[in-house]
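Atoms within a ligand are numbered from 1 in the order they appear, just like the ligands themselves.
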Amino acid sequence: MSIKLFIPGPVDVSADVLEKLSTTQIAHRSKTATVLQENISKKLQELMFTKDLIILSTSSGSGIMEMAIRSCTKKRAAVFSVGAFGDRWYKMAKTNNVAADIFKSEVGQPTTPEMVEEALKTGLYDVVTVTHNETTTGIMNPVYEIGQVVAKFPGVLYLVDAVSSLGGAKIEVDKSNVDICLASTQKSLGLPPGLSVASVSQNAIDRAKTVEFRGFYFDLINVVNRALKDAQYPTTPSTPHMWALDYQLDKILNKEGLQNRFDRHAAMSKTVQAWAEKHFGLLANPDYRSNTVTTILNTGGKSVGDLNKELMTRGYLISNGYGDLKEKAFRIAHMADRDPKELDDLLKEIENIWGL
Ligand SMILES: *Cc1c(COP(=O)(O)O)cnc(C)c1O
């Protein structure tokens, strides 16, 4: 029996999209590869509401996170964290010898524009990192409002991890003054893992050129230069993923339509939130709840591990709480191509198993 994944990545991928992975191999230095990237770029610019350069990385999203913070920080990075994925930016900075400070919010609370303003007023920083959608706590941060603050400080770059939200929630890169917006394919975009995507502003490129040690595989300038030259990559990209991405973006933009897609995600999040309020409680501040994943407090005190074992026999999988939240909370992802009917069915199964 196949298991429906309600985990925050990897997500189920539709059969027609999977089929595109087996497109006949092409030479990565061919005109066909250039055209494929150009098509993907146009579509991603539409999805991200940006005119910025689009790059892909044959790595998971963490690869572009590391590329971004290492290549763009000349002075010092202000890392804003609302959970484990915010902390990851900080670990990346530290392990790459990039100067950084971390600003943590209380569990379940967002990064606020005020926090960012206060940090930037010190004049210490030239990079701000924010997690748009913290997949561990179910917080969706106010990326637009924070961007208005960052814009008041010329010379500060704004790096946004939209790994689990891009494709499930509206992110207006240009209006929000985001310099690098990055995402993995295996979350709300509805593709297999192994590729990640990003928009890169001219300011980010200009800064990175002044940073001496950018590494090799994840050197932003190496990647950008080749992209600008002929829309190709310095090293061999996963062209199978690129075919699938190009096709899936068509489905997102033209078959479903962006607004419908955002609305579907919002509707599913409302459903889970209402259900969770009724039976349990939610971790995230009500004003900053995610459209793509909900973290539910396990107030009933029964084993989440056992629940998942039983759900598996019925064809479903959800996620336990992450890290310290294991068994204290559980997570239901409602992203990519999942639909409200499937979600209703899952919730009924949980009610049935736990006797709610
Ligand atoms: C999953 C996730 C990551 C890590 O992505 P990988 O593709 O596994 O590298 C980073 N940030 C957030 C918010 C995530 O949900």
Engineer: For atom 11 (N) of ligand 1, what is the closest protein heavy atom, and at what distance to 0.1 Å?
Structural biologist: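 Sorting protein heavy atoms by distance from atom 11 (N) of ligand 1 puts Asp161 OD2, 2.6 Å first.
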
Engineer: My understanding is that only one of Arg261, Lys255, Lys187 makes a salt bridge (charged side-chain N to carboxylate O under 4.0 Å, His left out) with Asp337; could you say which?
Structural biologist: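 The salt bridge (charged side-chain N to carboxylate O under 4.0 Å, His left out) with Asp337 is passed solely by Arg261 among Arg261, Lys255, Lys187.
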
Engineer: Run the numbers for me: atoms of ligand 1, each under 4.0 Å from some heavy atom of Asn133, listed by number.
Structural biologist: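 Under 4.0 Å from Asn133, ligand 1 has these atoms: 13 (C).
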
Engineer: If I apply the N/O under 3.5 Å rule, does Thr131 come out as touching ligand 1?
Structural biologist: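 N/O-N/O distance under 3.5 Å: no.
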
Engineer: For atom 1 (C) of ligand 1, which protein heavy atom lies nearest, and how many Å away is it?
Structural biologist: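 Closest protein heavy atom to atom 1 (C) of ligand 1: Lys187 NZ, 1.3 Å.
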
Engineer: If we count only N and O atoms by modelled type, under 3.5 Å, do the side chains of Ser290 and Asn133 hold a donor and an acceptor together?
Structural biologist: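 Looking only at side-chain atoms, Asn133 and Ser290 do form a donor-acceptor pair, the distance falling under 3.5 Å.
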
Engineer: Going by the side-chain hydrogen bond (donor to acceptor under 3.5 Å, both in side chains) test, name the single residue among Thr292, Thr131, Thr135 that passes it with Ser164.
Structural biologist: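 Checked Thr292, Thr131, Thr135 against Ser164; only one passes side-chain hydrogen bond (donor to acceptor under 3.5 Å, both in side chains): Thr135.
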
Engineer: Just to confirm my output: which protein heavy-atom neighbour is closest to atom 15 (O) of ligand 1, and how far is it?
Structural biologist: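 Protein heavy atom with the smallest distance to atom 15 (O) of ligand 1: Thr135 OG1, 2.4 Å.
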
Engineer: Kindly assign one of parallel, tilted or perpendicular to the pair Phe280 and Phe330, based on the angle between their ring planes and the thresholds 30° and 60°.
Structural biologist: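 The rings of Phe280 and Phe330 stand perpendicular, inter-plane angle above 60°.
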
Engineer: Do Gln37 and Ser41 have side-chain N/O donor and acceptor atoms under 3.5 Å apart?
Structural biologist: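 Yes, side-chain donor-acceptor contact under 3.5 Å.
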
Engineer: Run the numbers for me: atoms of ligand 1, each under 4.0 Å from some heavy atom of Gly61, listed by number.
Structural biologist: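 Going through ligand 1 atom by atom, the ones under 4.0 Å from Gly61 are 6 (P), 7 (O), 9 (O).
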
Engineer: For ligand 1, which atoms have a heavy atom of Ser164 less than 4.0 angstrom away?
Structural biologist: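 Atoms satisfying the 4.0 Å criterion: 13 (C), 15 (O).
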
Engineer: At a 4.0 Å cut-off, with the gap strictly under it, does some heavy atom of Glu134 reach an atom of ligand 1?
Structural biologist: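 It does not, in that no heavy atom of Glu134 comes within the 4.0 Å cut-off of ligand 1.
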
Engineer: Looking at atom 10 (C) of ligand 1, what's its closest protein heavy atom, distance included?
Structural biologist: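 Here the closest protein heavy atom is Phe85 CD2, 3.3 Å.
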
Engineer: For atom 5 (O) of ligand 1, which of the options Pro10, Gly63, Ser184 provides the nearest non-hydrogen atom?
Structural biologist: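 Shortest heavy-atom distance from atom 5 (O) of ligand 1: Ser184.
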
Engineer: Do Asp87 and Ser81 have side-chain atoms, one donor and one acceptor, less than 3.5 Å apart?
Structural biologist: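 Their side chains do contain a donor-acceptor pair, which is all the 3.5 Å distance test asks for.
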
Engineer: Can a cation-pi geometry be assigned to Arg331 and Tyr322, taking NZ or CZ under 6.0 Å from the six-membered ring centre and within 45° of the ring axis?
Structural biologist: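 The answer is no, since Arg331 fails at least one limit relative to Tyr322.
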
Engineer: Please could you name the atoms of ligand 1 that Ser60 approaches to less than 4.0 Å, counting only its heavy atoms?
Structural biologist: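 Checking each atom against Ser60, I get 6 (P), 7 (O), 8 (O), 9 (O).
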
Engineer: Enumerate the atoms of ligand 1 whose separation from the nearest heavy atom of Arg88 is less than 4.0 angstrom.
Structural biologist: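 This gives 4 (C) as the contact atoms.
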
Engineer: With a 3.5 Å distance limit and no angle check, can you tell me whether Glu327 reaches the backbone of Gly305 through a side-chain donor-acceptor pair?
Structural biologist: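 Checked: pair present.
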
Engineer: Taking heavy atoms and a distance under 4.0 Å, where does Gln186 meet ligand 1: side chain, backbone, both or neither?
Structural biologist: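 The side chain, only.
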
